[in-house]
Amino acid sequence: MMLRCGIDLGGTKTEGVILDADGREVFRERVATDSSSYETVLGGIERLYRRMVSDVRGAPHTLGLGTPGAVSRRTGMLKNSNTTCLNGTPIARDLPARLGRALAIENDANCFALAETLHGAGRGHRVVFGVILGTGCGGGIVIDGRVHAGLQSIAGEWGHSVIDPAGPVCYCGARGCVETFISGSGLENRYAERTGSGRTAAEIIAAWRAGESQAAAAMDDYFARFGQALANLIAVLDPDIVVLGGGLSNVDELYTQGVEEIARRVFSDALETPVVRHRLGDSAGVIGAALVGR
Ligand SMILES: [Zn+2]
């Protein structure tokens, strides 16, 4: 009986899960990510993996790692990670060497999209676009139950498509990326720009619901950008369903006001694309990592 081990490397937390042959969870642990350097990230993954192996007494298993970014096919180095200390590092070579085994490395949003397709809100749909609205803004495409990674492993990376060339500077070097507007940090930064005061995304949303006009203006802009970004995506991929995950996907109004903003902009007589909330909660990324393992 083969177990499936998955590790989801996030910017703030790293999570490990082990699934048995029936897909049931037999292990789960969440630890803080120490992203002060490449070395501390590797060390954190290794310690978690060792605990996972000892928990199942070394039983045979596959292993998959979900991470922001992707391994460059050209150089073998990680690219496009918002945990920027990992960019340009040979993690795909160093990690198997440290762990003494092969593993699959897959983009975290692709892991999310795959898990929601096979076990969550996207079940039964042929073309699924999974969105992560978290600290950053990721996206993943699943077609016929398999991740579509693309020629350069950037398929679905809509967070770094530009919707305002005169917009805010993004860590990727461009201006006005989708991520700078509709990620959690994007919402916070745009609100701070507008008001001169710093608030968390949760505080901004609470203030908006309480009727504060500055917060309302920030949220109106947020939904408009969300609508523009998804209308653009739908015009390219025209998926059968869009599944939202990440902290901001729990904002109910995304599924009403947000969807109306997509419908207003979509290149179609009507918006038929279902835009739905995740079903696997915070677990989708790590379950997807377990599912892609080898
Ligand atoms: Zn960018």
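Start at 1 with the first residue, then count along the sequence. Everything numeric in this text was worked out from a predicted model, so none of it was measured. Read the numbers this way: they start at 1 and go in the same order the structure lists the ligands and their atoms.
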* Going by atom types alone, do Thr33 and Ser35 pair a side-chain donor with an acceptor below 3.5 Å? ->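 No - no donor-acceptor pair under 3.5 Å links their side chains.
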*asked:* Using a strict cut-off of 2.8 Å, how many protein N/O/S atoms surround the Zn ion (ligand 1)?
replied: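 For the Zn ion (ligand 1), protein nitrogen, oxygen or sulfur atoms under 2.8 Å: 4.
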Any carboxylate oxygen within less than 4.0 angstrom of a Lys/Arg side-chain nitrogen, looking at [X] and [Y]?
X: Asp164; Y: Arg225; result: yes
X: Arg146; Y: Asp144; result: no
X: Arg98; Y: Glu39; result: yes

Can any side-chain N or O of Asp240 pair as donor or acceptor with the backbone N or O of Val128 at less than 3.5 Å?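 Such a contact is absent between Asp240 side chain and Val128 backbone.
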So that I know where these two stand, are Phe129 and His148 an aromatic pair - ring centroids less than 6.0 Å apart?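 That pair fails the under 6.0 Å test.
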